[in-house]
S.K.: 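I'd like to ask you about the structure that follows.
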Amino acid sequence: MSSYSDDDAFEAAAARPSLSQMAMSAAASARGADYLDGLNPAQREAVETLDGPVLMLAGAGTGKTKALTARIAHLVNTGNARPNDILAVTFTNKAAREMKNRVEGLVGGHGVGMPWLGTFHAICVKQLRRHAELVGLKSNFTILDTDDQIRLLKQLINAAGIDEKRWPARQLAGLIDNWKNKALTPAKLGAADEAAFNDRGKVLYAQYQARLKDLNACDFGDLLLHMVTIFQNHPDLLEQYQSRYKYILVDEYQDTNVAQYMWLRLLAQGHRNICCVGDDDQSIYGWRGAEVGNILRFEKDFPGAKVVRLEQNYRSTPHILAAASSVIAGNRDRLGKELWTEETEGELVRLIGHWDGEEEARWVGEEIEAMASGSRARLRRYSLEEQAILVRASHQMRAFEDRFLTIGLPYRVIGGPRFYERLEIRDAMAYFRVVISPEDDLAFERIVNTPKRGVGNKAMQDIQSVARENGVALKEGARIAAQEGILKGKARGAVAQLIEQLDRWSSLAIQQIRYDGVADEDEVVERPDHDPAEISHIELAEMILDESGYTTMWQNDKTPEAPGRLENLKELIKALEQFDNLGGFLEHVALIMDNESDEQEEKVTIMTLHGAKGLEFPVVFLPGWEEGLFPSQRSMDESGLKGLEEERRLAYVGITRAEEVCTISFAGNRRVYGQWQSQLPSRFIDELAPEHVDILTPPGLYGGGGAAGGFGGDAFGSGREASFSDAVSKADAYNSPGWKRLQERSQRLGTAKTNLRQPKKARNMVVDSTATPVFGVGERVFHKKFGYGNVVDTEGDKLTINFDHSGEKRLVASFVMAADKAGE
DNA sequence: AACTTCTTACTTTTT
DNA sequence: GTAAGAAGTT
């Protein structure tokens with residue numbers, strides 16, 4: 001039926017002019033809707049264009065969440081919609097939480113509840129639990145995580161007699177994931193995809209889906225894919241949902257994949273009241289199925305769409321914005337957008353080269369401390385909380401961690417294995433899963449010999465064959481195998497005992513409602529009153545972990561991680577407090593998978609550029625801007641120009657995280673997989689507009705009191721005996737075409753206060769105004785946002801300009817050009 | 001079944 | 001260089 005390429009589904013319903021909307025909007029203003037106060041014209045337009053498709057192109061730091069929440073408030077306030085006529089979709093739970101908080105304050109008291117607000121996955125789970133039978137599942141299906149997925153696929157690969165070493169399960173999992181992102185069921189795979197994975201891709205995919213159905217389970221991709229399938233096959237049902245969600249809002253639209261796009265399009269068909277918010281320049285998740293195309297194509301997908309650009313930035317100072325703009329300008333596939341700010345003061349983006357990665361880490365550490373103590377000339381004091389290091393790849397973090405540990409600089413690494421992905425948490429959860437769903441084979445397999453009970457490969461195989469012969473789940477198979485004496489010795493007793501325990505725990509858990517998620521918010525959930533004598537789910541959880549011997553296992557473990565793991569188990573029990581029962585908790589974890597910890601100590605943040613999207617820091621360090629590392633070689637090899645453009649967007653995201661001070665750095669030498677390599681500065685460094693960059697000189701470089709000559713000796717500080725070849729590679733790095741070009745340009749433009757060949761004392765000098773293009777009083781100039789104007793006063797490099805249309809503004813000279821050069 | 005050695009690969013990561 | 005996972009050993 002309807003498919004991805006079927007473009008004209010929306011054409012049928014032409015944009016309807018809404019007379020009521022204008023009247024109501026006026027009424028809302030008259031009533032003094034305070035959510036409209038303080039919106040700039042673009043934001044206001046995005047908020048007040050209620051009917052029909054709207055694309056809100058919101059650049060970094062332009063107040064999109066404000067606009068989005070104001071829009072929801074406006075929909076309700078004008079009477080166009082009741083809160084629960086609105087569907088608002090986000091990508092992350094964090095974003096959903098944030099929006100929920102902000103909307104609650106705005107929409108409270110307007111009748112019917114809250115908008116349908118959640119991640120794509122959370123909303124799809126709700127839908128799927130109601131209609132599971134339409135894709136052959138029961139409504140209490142389990143959601144598998146990656147680990148379960150891989151183990152399942154391994155079994156299938158082995159069963160198919162394929163060498164798992166040459167064809168690893170991970171790879172197949174990746175392929176299947178990709179297909180699901182593209183909304184491809186096994187039947188819809190193209191010829192090329194069928195041939196994937198040693199010609200078995202399609203067959204294994206189909207087998208995997210069949211196994212999932214047997215297990216009454218699905219993976220993350222299925223949540224979307226199943227709902228798309230259901231909507232496509234059941235138009236009547238789709239219609240119900242279309243009229244339930246009268247207005248749809250989507251955050252981070254540039255990150256949607258094909259399946260998500262199709263789901264949205266199906267739901268928005270008809271009324272077409274869909275407002276997508278996003279920034280094509282911040283699309284950095286192409287590698288996991290996000291289609292920038294979705295946002296680039298919006299106007300074609302939704303004819304008559306209104307496109308609103310939010311370009312006024314409230315986050316960063318002008319040089320930072322200008323530097324970011326100069327980099328992103330190198331991308332071809334853009335909708336086009338330029339950030340600007342009313343702010344006129346601010347630092348240049350700082351650029352510095354180092355001898356190697358360790359030196360870079362050392363320098364950053366010192367710089368952070370100087371910032372924190374307030375000893376940086378011209379700069380205010382920045383607490384550790386206000387500073388962040390953003391890296392391209394997580395392995396870069398190590399150098400910083402090592403250095404910060406030795407100097408005792410408190411830091412926090414964001415990312416890495418999440419709480420619910422840790423081994424001990426997953427084990428504990430597997431116990432809970434078997435207790436709640438005795439037919440959960442994957443969970444049973446995980447815990448049957450954890451802690452060690454003497455149930456090894458042989459015993460497991462016996463259990464599996466018994467289960468298969470009797471057509472029952474593993475747990476039942478194990479019961480039979482133990483009773484009938486198929487299992488021998490230690491295994492037999494251990495399994496019998498485990499089964500007895502599981503049965504007992506299950507009966508204790510049975511009164512508790514399994515899934516809250518099945519019921520809609522507007523339906524009353526029947527909840528049995530808790531008998532106070534009855535065991536709580538928290539006590540039950542503790543009982544399970546203690547009686548199974550799991551806690552003891554870690555208490556007896558003398559590896560350094562053991563205490564931390566016990567600590568985590570306690571955290572897990574604590575997390576249960578927020579739920580009514582184990583089932584509800586499991587559902588939450590399957591979808592949320594993160595755990596906010598409350599820290600109070602001030603710390604520097606270290607994280608990846610990907611992790612930093614949506615965040616901002618007064619001070620940002622961007623280390624490792626080197627060819628191969630950033631842009632990542634792999635990205636370019638695998639995806640060519642597309643890959644490079646995504647890397648460039650990542651650079652843009654990085655720079656635009658900074659509010660006040662942005663420092664980019666690179667190293668001339670770096671250890672890559674244990675091998676020393678000489679590195680070239682990143683091409684993105686070449687792309688930085690030199691007039692917005694301040695090149696710093698590393699300490700110790702040519703500044704060490706005359707001992708240094710050329711590239712030899714201790715010229716690079718750090719007490720290292722630099723070898724000749726090291727010196728050569730250092731020289732190579734600084735003689736690279738890009739670096740030279742940058743320096744030449746900087747010198748020509750006179751904005752570089754120092755370069756690598758000058759002594760270090762010039763490091764914190766103010767921009768040398770004599771070398772900057774000078775404008776005199778009365779001169780006519782052009783600014784790309786404010787237009788033409790006359791210089792009325794000068795002070796160093798700061799000009800006071802009376803603009804023809806925007807009035808008087810104080811600007812840094814490098815942001816304006818002579819009016820005649822601009823073509824006046 | 002548990003321990004040890006060897007091979008291999010190696011961005012980014014949410015749900 | 002290292003960490004995980006598989007194969008080989010006790």
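Reminder, nothing fancy here: chain letters follow the sequence lines and each chain counts from 1. Quick note: numbers below take in every heavy atom, side chains included, and nothing from hydrogens, waters or symmetry partners.
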S.K.: Report yes if a side-chain nitrogen or oxygen of Thr608(A) is closer than 4.0 Å to either non-bridging phosphate oxygen (OP1 or OP2) of dT13(B); otherwise report no.
M.R.: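 Answer is yes, contact under 4.0 Å.
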
S.K.: Check the pair Met429(A) / Arg426(A) against side chain to side chain contact (heavy atoms under 4.5 Å, CB included), numbers first and verdict last.
M.R.: CA-CA 5 Å; Met429(A) 304 262 304; Arg426(A) 300 176 44 80; 5.6 Å; no

S.K.: Any base atoms under 4.0 Å from Ser635(A), or only sugar-phosphate, or nothing? Heavy atoms, all strands.
M.R.: base

S.K.: For dT5(B), does the O4'-C1'-N9-C4 or O4'-C1'-N1-C2 angle fall within 90° of 0, making it syn, or is it anti?
M.R.: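 Here the answer is anti: the torsion falls beyond 90° from 0.
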
S.K.: Nearest-Å distance, CG (Asp462(A)) to P (dA1(B))?
M.R.: 10 Å

S.K.: Nearest-Å distance, CD (Gln675(A)) to P (dG1(C))?
M.R.: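 Going from Gln675(A) (CD) to dG1(C) (P), I get 9 Å.
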
S.K.: Would you say the side chain of Arg392(A) and the base of dT12(B) hold a donor-acceptor pair, judged only by whether the two atoms sit under 3.5 Å apart?
M.R.: yes

S.K.: Specify the residue among Met636(A) and Gly456(A) whose closest nucleotide of DNA chain B lies further upstream toward the 5′ end.
M.R.: Gly456(A)

S.K.: Does a side-chain N or O from Lys165(A) land closer than 4.0 Å to OP1 or OP2 of dA7(C), or not?
M.R.: yes

S.K.: Considering only atom P, compute the distance from dT12(B) to dG5(C) and round it to an integer number of Å.
M.R.: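 Comparing P positions in dT12(B) and dG5(C) gives a spacing of 16 Å.
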
S.K.: Is Lys154(A) close enough to dA6(C) that one of its side-chain N or O atoms is under 4.0 Å from OP1 or OP2 there?
M.R.: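 Yes, because at least one side-chain N or O of Lys154(A) sits under 4.0 Å from OP1 or OP2 of dA6(C).
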
S.K.: Hey, is Phe120(A) doing a stacking thing with dT15(B), by the 5.5 Å centroid and 30° angle criteria?
M.R.: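 Whether judged by distance or by angle, Phe120(A) falls short somewhere, so it does not stack on the base of dT15(B).
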
S.K.: To the nearest Å, how far apart are Glu638(A) CD and dC10(B) C1'?
M.R.: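 Checked: the CD to C1' distance equals 12 Å.
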
S.K.: So, is Asn449(A) close to the dA1(B) phosphate, meaning a side-chain N or O under 4.0 Å from OP1 or OP2?
M.R.: no

S.K.: Taking NE2 from His610(A) and P from dT15(B), how many angstroms apart are they, rounded to a whole number?
M.R.: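 In whole Å, dT15(B) P and His610(A) NE2 are 14 Å from each other.
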
S.K.: In this structure, how many angstroms lie between the C1' atom of dT13(B) and the CG atom of Asp147(A), rounded?
M.R.: 15 Å

S.K.: What do you reckon, are the aromatic ring centroids of Trp287(A) and Tyr285(A) less than 6.0 Å apart?
M.R.: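 Close enough - the centres of the two rings lie under 6.0 Å apart.
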
S.K.: Applying the Watson-Crick and G-U wobble criteria at under 3.5 Å, what pairs with dT12(B)? Answer none if nothing qualifies.
M.R.: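 With both distances under 3.5 Å required, dT12(B) matches none.
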
S.K.: Could you state the atom-to-atom distance from CG of Leu622(A) to P of dT12(B) in whole Å?
M.R.: 17 Å

S.K.: How about His226(A) and Phe141(A): are their ring centroids closer than 6.0 Å?
M.R.: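 That pair fails the under 6.0 Å test.
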
S.K.: Quick one: on DNA chain B, does Gly415(A) or Ser639(A) contact a more 5' nucleotide (nearest heavy atom)?
M.R.: Ser639(A)

S.K.: How about Glu401(A) and Tyr411(A): does a side-chain donor come under 3.5 Å of a side-chain acceptor?
M.R.: yes

S.K.: Could you state the atom-to-atom distance from CZ of Arg670(A) to P of dC10(B) in whole Å?
M.R.: 20 Å

S.K.: In this structure, how many angstroms lie between the P atom of dT2(C) and the CE atom of Met397(A), rounded?
M.R.: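 So the two atoms are 18 Å apart, to the nearest Å.
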
S.K.: When we call it a touch if two heavy atoms are under 4.0 Å apart, what does Val455(A) touch: a base, just sugar-phosphate, or nothing?
M.R.: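 Counting heavy atoms under 4.0 Å across all strands, the contact made by Val455(A) is with sugar-phosphate only.
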
S.K.: Give one of base, sugar-phosphate or nothing for Gly221(A), where a contact means two heavy atoms less than 4.0 Å apart.
M.R.: nothing

S.K.: Can you classify the ring geometry of Phe684(A) versus Phe630(A) as parallel (below 30°), tilted (30 to 60°) or perpendicular (above 60°)?
M.R.: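 Because their plane-to-plane angle is over 60°, the rings of Phe684(A) and Phe630(A) count as perpendicular.
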
S.K.: Let's see if you can work this out: which of dT15(B), dC10(B), dG1(C) has an atom nearest to the side-chain heavy atoms of Arg634(A)?
M.R.: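 Nucleotide nearest to Arg634(A)'s side chain: dC10(B).
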
S.K.: With respect to the side chain of Glu647(A), which nucleotide from dT15(B), dT11(B), dG1(C) is positioned closest?
M.R.: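 Selected nucleotide: dT11(B).
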
S.K.: Under 3.5 Å, is there a donor-acceptor pair between the Asp222(A) and Gln209(A) side chains?
M.R.: yes

S.K.: Planes under 30° and centres closer than 5.5 Å, is that true for Tyr673(A) with the base of dC10(B)?
M.R.: yes

S.K.: Would you indicate what Arg398(A) reaches in the nucleic acid, counting non-hydrogen atoms under 4.0 angstrom: base, sugar-phosphate, or nothing?
M.R.: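 Sugar-phosphate: the residue Arg398(A), judged by heavy atoms under 4.0 Å, touches backbone atoms but no base.
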
